[in-house]
Structure formats: C-alpha cells, structure tokens
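Down below is the structure, laid out as structure tokens.
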Amino acid sequence: QTCLLIGTEKDLDVKTSKYNALNFLPMNLFEQFQRLANAYFLFLLFLQLIPQISSLAWYTTVVPLMVVLSITAVKDFISAFFPPSIVKIRLWHAGIQGSLSCRIVTEKWMNVQVGDIIKLENNQIVTADILLLSSSEPYSLTYIETAELDGETNLKVKQAISVTSEMEDNLKLLSAFDGEVRCESPNNKLDKFTGILMYKGKNYILNHDRLILRGCVIRNTDWCYGLVIFTGPDTKVMQNSGKSTFKRTHIDHLMNVLVLWIFLFLGCMCFLLAVGHYIWENNKGYYFQDYLPWEDYVSSSVFSATLIFWSYFIILNTMVPISLYVSVEIIRLGNSFYINWDQKMFYEPKNMPAQARTTTLNEELGQVKYVFSDKTGTLTQNIMIFNKCSINGILYGMSLVSLGRYIPKEKVDFSYNKLADPKFSFYDKTLVEVVKKGDHWVHLFFLSLSLCHTVISEEKVEGELVYQAQSPDEGALVTAARNFGFVFRSRTSETIMVVEMGKTRIYQLLAILDFSNTRKRMSVIVRTPENRILLFCKGADTILCQLLHPSCRSLKDITMDHLDDFASDGLRTLMLAYRELDSAFFQDWSKKHSEACLSLENRENKISIVYEEIERDLMLLGATAIEDKLQDGVPETILTLNKAKIKIWVLTGDKQETAVNIAYACNIFEDEMDEIFIVEGNNGETVGGELRSAREKMKPGSLLESDPVNSYLTTKPQPPFKIPEEVPSGSYGLIINGYSLAHALEGNLELELLRTACMCKGVICCRMTPLQKAQVVELVKKYKKVVTLAIGDGANDVSMIKAAHIGVGISGQEGMQAMLSSDYAFSQFRYLQRLLLVHGRWSYNRMCKFLSYFFYKNFAFTLVHVWYAFYSGFSAQTVYDTWFITFYNLIYTSLPVLGLSLFDQDVNETWSLRFPELYEPGQHNLYFNKKEFVKCLLHGIYSSFVLFFIPMGTVYNSEISDYQSFSLIVQTSLLCVVTMQVLSGREEGKEGGKISLETTYWTMISHVFTWGSLGFYFCILFFLYSDGLCLLFPDTFQFLGVARNTLNLPQMWLSVVLSIILCMLPVIGYQFLKPLFWPIIDRIHHCMRHPLPYPIRTKLKHTASRRSAYAFSHKQGFGALITSGKTVKAKLPKRNSSHYKR
Amino acid sequence: MKRKCQDYESRLPDNTAMKQQQLPAFRLQLSANEILSGFFAIGLFCLGMGIILLLSAKSIREVEINYTAKCATCAKLREDATNFDKECNCSISFYLPQKMEGNVYLYYKLYGFYQNLYRYILSRSNIQLVGTDVKDVRNCAPFKTSDNGLPIAPCGAIANSMFNDTIVLLYNFNSSTHIRVPMVRTETAWWTDKYVKFQNPTFQNLSSAFAGTAKPPNWPKPVYELDEKDPGNNGFVNDDFIVWMRTAAFPNFKKLYRRLHRIGNFTEGLPAGSYSFIINYNFPVGRFQGQKAVVLSTLTWSGGSSLFLALAYLVTGAVTLLASFSMMAVHLKLKERKTFFLQ
C-alpha cells in the first residue's frame, strides 16, 4: 500500500498560489505599496525629488524604504515559496484507493473527482461527500463516526440502496455502473440530502442516509464502495466552514487610527511653521536678501511659506516612522517562534509541538475575553471509562483525584480472567474480591451488564475480543463486565454467549426493548440456561426509579445518594435493575408485543405502551458511573482562565445532557452556582421570554426602562455599537439548544441573547450546527468589541475558528480541518492557558511597550526640528545630520527596541500562571490605547524640549557656536536619553499590573543590544565623519572632523549629562509618585501577600437534574437491527438477492 | 490503520535558554529608599557641578563692545552699496580695570545674522573648497557665477557674506603711546578644517590656480589675496575664511578672530589699562537690523563666560533636591496607603 497525502493540499494551495517566480517582484511591490504607510513614503520620496521643497537629501527616505520593502519582500518570499515545512510532516498519511476502469488504482485524494467510484477501508477518513454503493457488511450497512462533524461520539449507520448493494465488491459490475445521480446543489445542511439515482431505467430516491460526508470516519466496516458526489469546497463540511478572512488585531486598527492622528498633528505643525515662516520672511528674510536673495520663483513670502509647508512635511515625516510596521512584524514573528519553541507546549505522545500558524496575531493572545470551545476532542478525550459503581447499596471504586491531590493507587489485577481487556484499569480491589467470593448481587449486576446492550463482538483471533459498540459508554460497560469475569463473547439474533467466571453459558435472547430518546432506557429479556426468564433494564435514573418495585425503596435511597456523589464528580450515571418474569406472563406479553409490532397504525405508540407494561416492578441492582475522560488538566485550565476573567462558552453539536455533564466536570458550571437557566423554546416568543426572565433574575431591574443599557439601546445607536458590561447579582449558567438558538439569533432577539449570555458565568450551547457556532462568535464580536478565541478540533469547528479573532486548532486528533484553518495549533486543551497567560501576556506587554516606546522616541526625535525652526527662520533646516536621520530608526535605535520587545518579561512565567489576574489589563487594553499614546506624545514633546534647549543654551553665545557641533550634541544627547529610557523602563508608565517602575528584565542580549548599539553609534559617527569618506564624497558627508573636535569638549558632555538627568528624573519621579497618589492594587504584590487558598471542591447535594446522562444516540438504537439478525455475520448465502429486498 | 510515512523522529523543541525564554537575566528592582537616595545623590551632584561651573565661569574676564551704534557714521555709509570703495574707520576706546591673564581671544560677534538658514547652509561647494575642482559650483545657488558667467570662487552665499571688518586692538600705554597689541591670525580654525577640509588647488602660483574664476560679488578682492604675506594662510586655507565657513547654529553668534600673541608686555596676558579698537568698518548689518560686537575673553576648561550650564545645573540640582524631599514626605505620609511599592 502506498502512502499518499490526504486531500489537504488544496487548503495549503490557497496560501501559496498568489505568487510565482515571475510575478513575485512586481506583485509583491504592488501589494506593499497598497499599505498606507508605504504609499505615504513613496509620496514623500516624490516630494523630496522636487528641488524647490526638498529639505532633506533623497537618501533619508530611500534607504529606510528600501530596507523595509526588502525585509517584507524576503519574508513574503519565504512564506510563499517555502511554506513552513512542519505542515507537510504533520499531514497524516493514509492509503486511499480510487477505482478507475477495472483495476483499482491508488490516487491522491486531491485528484479524486466527482463521479469517481472509490473504495474506502476501515478507519479511513472520508474527504469527499460520497454516495454509498455497497459495503462489506450485511445489508450494505456502513458504520461511521461523525465526531468531526457534530461532536457526537456514537457510531451511526448508513445503508446503501439495494440495487447498488448487490454489486458488492465485484469490480466488473462497479466499473460498469452507469447510474446517473441528480441531486441538490452544494449547500451547508449537514442533515439533509435529496437526490435521485437513475439506474437501469428506474429512479431511486436518495436521502441523507445514503450519503457519507466528508469528515466522517469509517468504522467497523472492512470496506465500502462509494460514488463521489461533492468534492473539495462543495462538500457539506466545507460549505459550513465559513469564509476565511484576513485577521487583523485590535492593535493594528489602533495603529492605523494613531497614524492618522499623527498625520493630522503633522499637518497642523507644518501649517503653523509655514505661518511662522511667512512672518519671518516679512520681518527678517526680506531684509536679509543682501546675503541670501530669494529664489527667482519666489515672488512673495506667502509663496515661500507654501513651499515651506511641504518642506516641513518632509522633515517631520519621521513622526510616522517607516519602520513601525516592519518592526511590529518582526516582533510578532519573534514571539511566534517562542510559541513554536516552547517545550512545555510539546505533547510527547503525539510528537506534536505547538505551532503558531499565523504570525500576525500574537499580542491579541494577551487580550482574550471570550473563549469558545468545542467539547468532543477538545475538552474531552472521547474515551469512556468505567469508573465507579454502586451494587446493592455498596459503593465500589474510588476517585483518583481527591482534594486536588493524586493518591497513588494500584491497578486491580485481572490476571485470573484470560479474556480480560488489558487496557482496562480499575482501582478498587474490594470489588474483585467480592466477585471472586461469588456475591449474588454483584454477579447479577455484571451479568446484567454483559446481557443488556446492543454491542456486537468480533473475535478474529481466539481470545482477543473486539467490541463494536454504538456508543463508547456502552462499550465501557460491557468491557467492565468482561474484565470482572462476565465476558460477552458473541451473539446471534436469538442467543447471547457469555463466559461467566470461566464457564460458558448461552442465554436465549427473547426480546430487546430498545432505547429511544423519550424512554431513556433499554431492556433485554433473556431465558437463562436454568430456564428462568429475566428482564434486565438499564437507563436514566430519573426514569428508572419510578419503575422500581416498592420493596427496594431503602436501597433506592442509598443508591440515589451514590448517584449524587457520582454526578458531583461529573460522571455519567446509569441505573440497573432486573425483574424475574413469570413464564406465562411473558408469553402473554410476547403476544401483545408481536401484535403491536404488526399493527399498522400508531405502531410506535402501541409498542411503547407494551414496553411499559413489562418494565414495571423492577428490582434495583445498582448504578454505574462512567467517566467521559477529560483531557489532562482541563478543569484546572478552565479554573485558571476563569480567574483571568476569561469567559468560556462551550459550543457543541452534542446533546444537552452530555454537554452539561462535561460542563460540570470541567468547572464551567459549578455546584455553587445560583441558578442555571435552560432555554429550549420552540419559537421566537418563548425563547425571548426565557431570555428576559433569566436576565430579570440575574439582575433585577434589568428589564426596566431605567436600566442604563436599555436606555442606551432606546437611543437606537448606530451599529457598530458596543454593549457595555453588565454585572449580575450572582453566578449563573445558561444552557441553550441549537433550535432555540436559531430563533435567538434572529434580528431583535440577538441582543437579548447576548446580554443574557454575557451576564452568565458559563454558557453551554448544544446541538449546534457549525454555522451557528460561527454566528454566536460573530454576535459576541459584533457587540462586545472584545477579543474572542475559538478552540476546536473537528471539521465542525472550522467556521468558528475562522470567525473568531483567534482560532486555535487542537491537532494530532484524526482530522486536520480545524488545524489547517487555525491560527495556532497544539494538541492539548491545557496548553491554552500557557498560550494565553504566558505567551499572550508577554506578547501583548512587549508589543505595548514597544509601541509606546517607539512613538515616544520618534516624537522626541522629530519635534526637536520644530523648536529649531524658531531660531532658523522657519527655513526647514534640520537639527541633525542627514545620515543621522537616515539611520536613527534603522540602526541606532532598532536594537534596543528589539531587545526590549523580544526579551522583556515583566513577570516570569510562574507568576503569570500563578496569578491569572495579571491577565486582566490586556483585556481592557490598558497598556496601549489612545490615552497612552497622548502620554507618549506629551513625553516626547517634553524630551524634545529638553533635548533642544539644553544644547542650545550650551552653544548659544559660546565659543563652540557652529551648527555641526550643535547637531552632534543634540544627536548624542537624544540617543543617550532614548537608550536610557529603554533601560529604565519608561514603558512601565502603565496602569495596573506593574510591580514597580524599574522592573525590566535585563538579559545578556538586552545588554549587548543596548550598550552595543550606543557603542555602535559612536563607531558609525567616527566613520561617517572620517577624513577619507568625507573627502571621497565632500558634498554627501559634510561633517568632517566634527566628532574629533567636539567629543573632547567638556561642555558637550556636561550638556549630555544634564539632558539625560532632566529627561529621566521626571519620569522616575512620576513612576514613584503615581502609585502613592493613585493607589492601584498591584496585582502581583497583592496576590503575594494574600495567596488564595487552593479551591477545595465541596460536595453539595443537589437536584438530580445533572444526572441521567445516558449517552446513547439520540436516535433509535441498534436493537431492531440486532433482533432482525442483520448485524450477525452468519455468512448466509447472499446470492439470493430477493432476501435483501426491503 | 493510519500510519505515518515519516520516521518517528522527535520534534521536541530544543531546550536552550533562548528558545525557552529562560535567558539569565538581571531584574533591576529599586526600592523606595534607593530611588530617594538616588534623587538626593543626583541633586547634590548637580548642585556641586553647578557651583564648580559657576566659579570657573566667574574666573573669566570678558569684555564685549557693541560697535553698531558707536560707529553709526560708518554704518550709514555702508547702507549704500555704491560706497563700497570708500574706507571707513572707527575707533572705540575702553578701559580694562583688571588684567586678563593667560590666553586672550578676540572674537567678533554678530546679532541677527542667520547663518543657519537651510538654503544658506547648503550654498557652498565642498568640492571646490577641498581644491579638487575650482570650477565646481553646483550647490552654490544663488551665487554660482558672476555676471560675466565665470564661476565664483569661493562660490555660494556663505562665502559671499564673509565678515570682512578688520579689528585692531591698541594698548594706550599713556595718552600718546599706542601700542598695537600683537595678535596671531592663524590657528583660529579647527585643524581638520584647515588641513583636510579646505585645500587650495595645487598650482605653483595661487592666483593662476584661480584663473578663470570670479571673486564673490561682495568681496573687495579675490580669494588669493586674503593674506598675501602668509601663503599658508591665503586662498581657501585662510583662517578667517575657514572660521566663517563653519556656519553658526543660531542667529546670534561669535566667531574667533584673533589670539593674543603673548610676547613683550603681553606675556602674561592683557595688562589692565586703557585700550582702543580700530575697526575698519566694511560689513553692513543695518539692512537686516543686525548688530556687531567685538569680544575679548579668556577661557577655562569649561569654556567661556557663558553661565548657562552653571545655572542650569544649579537649578536642576535645587529642583531635584526639593523634589526628593517632597517625594520623601509623600512617601512617608502615604506609605500605609500603598500596598506594594517595594521596600
């Protein structure tokens, strides 16, 4: 079998197809100049080429622009032509065989086309929508698992229509198949399909049961053949996955706004300076014409002022630094690499490191407010484990986790049982001892488990049983019975073979009273070898306890207590009971049953009445508790995220009971919650009513006109508007069903839904379609203006992953869909807390520090020109050497900034994880916002003031009066001050969360970067001002000898020191005084003083509403299939086609 | 079953300090005490520095005489450009109450003369001045060529506006004896300027080197006649010219004109007594309301008589000390309120 890529390459193609070798350069340049900033610099460049207004040498703009463009181009080039190799390794390979002509050929999934007939094998993932033609199983049944699609873990059955199932695996027939399928056009309805197969002159109706969707996994079926109906983007799953949009962060938007502000500020400045120039020309310049006549084209001072406006526009352009965008990208890239490199996010069993698939969203990870999580495969492992049981009032099994500490336990030794499943583990020895002792009740309990189910066994190798269960719960129960010595070995349509403590016994299966969603129980009636007739029943306790015989009331009470315990541990519970039937009574009932089965009218109803007749007066056996195994560390992670004020909503396609159960198990719902609202209305009105009454309870008065949010909404604000945060009176939970959600998402109700849901501590949405998941995310995005994160593993999560600000894919599971459309991928849910609290927080802090520092340093740098204008006749004379202007952002200050924004850690990772409260400032965007920007501006103005006037005072009327020396003093002071600001942490000027102003993290690299860059400045200085260079290009390098002559003057250094002191001390003083005057609770120190006690989960007795998570399919069970004998692999002669006609 | 084609090589990220963000780092945490004592220390340093600077600035003797008004007749004459060929001398006497010890420097000082205008600063040809190509006048607008089309040497607005008053200092030994104070006219410019940046074109004869060029319109004589006595001070390497070409940063500036030649009576500096300046008034400043002054000054390690640095340091020191006292007061008073500032 060849290894082939599965059809995920198309997803990769989308990213890479933009460029080819020829069009790369022009296209890339075109794209880059579409960026406002780059276009602006191109415009500036053209301005500079106009000699009349050029006030700076052309290279001041060209050099940085070239550097910036080429860095971006190289980055694009690498990502276009060398896509991250890691993705390729990650692709799981699977053999897939497409049958063309008579011969089966192997083909890549991406080459599969509509109309191909393909062969699928057990455990393969289907990557196209396929019409089932035939399969290896009787009646052409095919079992599929749809966890990827809807999060449900039970198996589902698909069946081929009889005409095609006759073809079986006969290649001749298959290749000659010339049917024609007419079906609906591609759409996103996962549970609907209509079509017609025209074959041999007849029409056959096709429905959803014949179609295997992309994303399903073939289970328990050796092979099946199918006709490809939809491929690629036409498949139902892909139709559901929503549009992928280019994601940009809030900081990006803010940056664009700020750049506009700077433009405005720049315009004002230039205007004022132009006015100044006009006045100066009138008063002074006109009379100075002896020495400097006006240019010929300058007719008046107004005209001259107009030119000066543009000249200053060029000079002051450094306020909008060209390197801003490129630096931001480098920082993000660096911080993404940290995520890829993190050993603590590496998952050993799957050999999967975490992956930052996008490098543009990092700082947003530090601002997440809402997390939308899938359930199956994300929170849970999709493994069921028989954990505890209560038999005849005695509790067996201990929880592994008790008060948050692991108690080491020994596994129970099942070696006495040769047929035991080695993977099964149980930790309570007493149960085994009781079984060995031969306790009657315990034996009966396990016997009932081994008989009352619809599992099919397979024994390919003697003694190695494989169970094929419809749901993993059921499999877990039967496996448990198997290990304790009651091995279900095989079944026919009429018998069940059980090996009881080594002895093989055959029970006659008289009837299966199958599970249904309303009955919530199933029963079997068997005749024992001793000719007793027994009914075994298992089901939801709420239902079953009403059917019990009055004599077992006391036992019932004890068992109910145990069930409460189970439920509070988040276990799925089932109750078991039995009834010994009188032979005559059974005969009687059996007749009624067959009558009901044969009746044509109202059959379902009649059957259930018959069932109820016999499921009475049951004797309680006990209860089981099954753990839907959560992924490691999920409850702890959710607790931590909750402390960080991150709200977690579970959006799942699974049914309500299981979802709620998991919600309790992983701390999204807590026993201490005041109330949990369930919204399950069937029309808009009821849903609205339910939502409103829930809100009234959470916040009395919130429905009144006087409520601030209501009165705000009555003003009919223009969208997009933001709904303010509302504080409920306690902690509440909300459960909403998919069909109710459909109503709630309509027009006027969506605000009701949003307001109610956002007040709740935990929200569970069940039975959601993929598109609804995206709608919910969009809703929160639209009205809350906060950062959302969606995390999921399956194809059904793709839409929400794409919709949310940040999409996280849990990878290493079977499908790749979620991971391929995600922004970040890792293999365990618990890594989310590290991603957010450590990497996200650091990225956000670093980005904010970077931005405020970056804006500050450019203001300080640029505004010096403005002060100088007052002394240079507003003639657009720069203060600095043109080469200093060229290199300032590019070389002199870039390294300290990078050191700051790649290595800074305000608190280390242990603290960020221990005190999730530190995450909050990011959610409110406290570290960089418009206010912070204005602070930067003011600080920059102050610094430029000092940086201009101190050197000016030094030079004014002194013996070093020349312009070039003055330039050098200002340059050096500026660079020292700006570098000192990095070291001293001016960036700490933020509210909250900071320990103290001087907490900066000085790694060796930061040291090297900072001091190195200062030293580097002086080296470059001596080089640029050296004799050789200046003599080679006397007009370009004019500052010959300035460094040598000025740097040894004591006045110069006195002036530099004074500038540094004057720039630094106010900042330090402000940082010192600020917390004294405006005490803010410093989160870290506060927490350090008052460490929170480890939360001890108190066990509360609560209503039984949480229990009864009988996790069968919400559809009909397999009972009918079993009793009809269809699933039994008795190799009947299949040639007789009439036998299979339905 | 699924299987991977790739061999199972571990993709565990490297455990390096860099990749795991565990680089050894120094976390600088200053306590309140440290910050306050830092403030005190800086305040004291600034005060001390201010006092030292003040004392050294006070030790400087300086005489500044503004002669714009005093030579009003000459100034008026120069208003009219047609009088360019008329000489005008002006004598200003002053009394030096204390002797000026050590090296004494003679400066001329201009008020309101904008040497820092953008177009003005650019209007020079470094290629010409370095002697490689005398006829390179590319950047010299608006003084590129003379009326008859010859390239100007030295070209440009800076050179054209060169200060051309001559100042002679006389020591009035008594009412009848006037001794001309010996002055050195060289070594007033930077060494790098004189010997690297400014070079005469290499020619046997300086005047022939400048053949084919015109003198700047404002100049009375061509560049090769700036100092005919000293060939090392003539042409582009003339110190007065070089000093002028190093443009000032601000509209009020002083430039070094002469140094005292310490011989004879003047070995120890300028003795106290009566002096007079004889100024050959050529440079017109009336048109743009400028003023001219002549300055005699000594120097110390910290420069001239400018008090700015001294005062700035004193003020900074005082303010810092004040600030640190008030910060301490606030700190002590509000200590209970704050929850955290590191102890």
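Letters go in sequence order (proteins before strands), and every chain restarts at 1.
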Compare all side-chain heavy atoms of A/Gln1038 with those of B/Asn126 and state whether any distance is below 4.5 angstrom. yes
Heavy-atom closest contact (B/Thr316 atom, A/Leu1062 atom, distance): CG2-CD2, 3.7 Å
Please flag which part of A/Phe870 lies under 4.5 Å from any non-hydrogen atom of chain B: side chain, backbone, both or neither. neither
On a heavy-atom basis, which atom in B/Trp301 and which in A/Pro1050 lie closest, and how many Å separate them? O-CG, 2.9 Å
What part of B/Phe113 lies closer than 4.5 angstrom to a heavy atom of chain A: side chain, backbone, both or neither? both
Going by heavy atoms in the side chains, are A/Trp280 and B/Leu117 under 4.5 Å from each other? yes
Could you tell me the separation between the NZ atom of A/Lys350 and the CZ atom of B/Arg11, rounded to the nearest 0.5 Å? 12.5 Å
Side chain to side chain contact (heavy atoms under 4.5 Å, CB included) test vs A/Asp962 passes for just one of B/Arg246, B/Lys255, B/Gln115, namely B/Arg246
Ranking A/Gln964, A/Lys284, A/Lys344 by heavy-atom pairs under 4.5 Å to chain B gives rank one to A/Gln964
Please state whether the side chain, the backbone, both or neither of B/Ile121 comes within less than 4.5 Å of a heavy atom of chain A. side chain
Value rounded to 0.5 Å, distance of CG in A/Leu56 from OH in B/Tyr118: 6.5 Å
Give, as side chain, backbone, both or neither, the part of B/Tyr120 having an atom under 4.5 angstrom from any heavy atom of chain A. both
For A/Asp296, which atoms come within 4.5 Å of any heavy atom of chain B: side chain, backbone, both, or neither? neither
CG of A/Leu1058 to SG of B/Cys46, rounded to nearest 0.5 Å, is 6.5 Å
Given a strict heavy-atom distance threshold of 4.5 Å, which part of B/Asp14 is in contact with chain A: side chain, backbone, both, or neither? backbone
Can you say whether A/Glu909 sits under 4.5 Å from chain B via the side chain, the backbone, both, or neither, judging by heavy atoms? side chain
Chain B contact via A/Met345 - side chain, backbone, both or neither, heavy atoms under 4.5 Å: neither
N/O donor-acceptor pair under 3.5 Å between A/Ser961 side chain and B/Ala248 backbone: no
Could you work out, with disulfide (SG to SG under 2.5 Å) as the rule, every residue matching B/Cys140, not counting sequence neighbours? B/Cys155
B/Met49 portion near chain A, given a 4.5 angstrom heavy-atom threshold: side chain
I'd like to check A/Trp341 versus B/Thr16 (side-chain heavy atoms, cut-off strictly below 4.5 Å). Are they in contact? no
Need one label for B/Leu311: side chain, backbone, both or neither, based on atoms under 4.5 Å from any heavy atom in chain A. neither
Under a 4.5 Å heavy-atom cut-off, does chain A meet the side chain of B/Val196, its backbone, both or neither? both
Least distance between heavy atoms, B/Ala249 atom then A/Phe966 atom: CB-CB, 3.8 Å
Of A/Tyr287, A/Phe288, A/Tyr286, the one forming a ring-ring contact (aromatic ring centres under 6.0 Å, His included) with B/Phe288 is A/Phe288
Given the options B/Arg124, B/Gln199, B/Arg119, which has more heavy-atom pairs under 4.5 Å with chain A than any of the others? B/Arg119
Go through the atoms of A/Phe346 and report whether side chain, backbone, both or neither lie under 4.5 Å from a heavy atom of chain B. side chain
Without swapping roles, check the side chain of B/Gln20 against the backbone of A/Gln343 for a donor-acceptor pair under 3.5 Å. yes
Out of B/Thr132, B/Thr247, B/Thr320, B/Val319, which one racks up the most heavy-atom pairs below 4.5 Å with chain A? B/Thr247
In Å, rounded to the nearest 0.5 Å, how long is the span from OG of A/Ser958 to CZ of B/Phe253? 13.0 Å
Where do A/Asn1045 and B/Trp190 come nearest, in terms of heavy atoms and distance? ND2-CE3, 3.1 Å
dist A/Gln1051:CD -> B/Leu53:CG (nearest 0.5 Å) comes out at 9.0 Å
Show your reasoning for whether ring pair (Phe, Tyr, Trp, His ring centres under 6.0 Å) applies to B/Phe283 and A/Tyr291. CA-CA 11 Å; B/Phe283 194 74; A/Tyr291 297 115; 5.4 Å; yes
Winner by heavy-atom pair count (cut-off under 4.5 Å) against chain B, out of A/Val879, A/Thr954, A/Leu1031, A/Leu1054: A/Leu1054
Can you tell which part of B/Gln289 gets under 4.5 Å to a heavy atom of chain A, answering side chain, backbone, both or neither? side chain
ring-ring contact (aromatic ring centres under 6.0 Å, His included) filter on A/Tyr871, not counting sequence neighbours, yields A/Phe948, B/Phe250
Side chain, backbone, both or neither: which part of B/Asn139 has a heavy atom under 4.5 Å from chain A? side chain
Answer with side chain, backbone, both or neither: which region of B/Leu129 has an atom nearer than 4.5 Å to a non-hydrogen atom of chain A? neither
Mind checking whether B/Phe308 and A/Ile950 have side chains closer than 4.5 Å, heavy atoms only? yes
Output for pair (A/Leu1065 CG, B/Ser324 OG), nearest 0.5 Å, gives 9.5 Å
Between A/Asp290 and B/Asn160 the two heavy atoms that sit nearest each other are O-ND2, 4.4 Å
Just so I understand: if I count every heavy-atom pair under 4.5 Å between each of B/Ser306, B/Pro217, B/Ser302 and chain A, which residue has the most? B/Ser302
Short side-chain to backbone donor-acceptor contact, A/Glu959 and B/Leu299, under 3.5 Å: no
Is it the backbone or the side chain of A/His277 that comes under 4.5 Å from a heavy atom of chain B, or both, or neither? neither
Counting only non-hydrogen atoms closer than 4.5 Å, does B/Leu36 touch chain A with its backbone (N, CA, C, O), its side chain (CB onward), both, or neither? side chain
Please report the closest heavy-atom contact between B/Pro142 and A/Leu292, naming both atoms and the distance. CD-CD1, 4.3 Å
Give, as side chain, backbone, both or neither, the part of A/Tyr868 having an atom under 4.5 angstrom from any heavy atom of chain B. side chain
Any side-chain heavy-atom pair of B/Ile127 and A/Asp1035 under 4.5 Å: yes
Heavy-atom check, side chain of A/Asp1027 versus side chain of B/Tyr195, under 4.5 Å: no
Residue B/Ala323 versus chain A: region with a heavy atom under 4.5 Å: neither
Find the one option among A/Gly1041, A/Gly285, A/Pro1066 whose heavy-atom pairs under 4.5 Å with chain B are most numerous. A/Gly1041
More than 12 foreign heavy atoms under 6.0 Å from CZ of A/Phe337: is that the case here? no
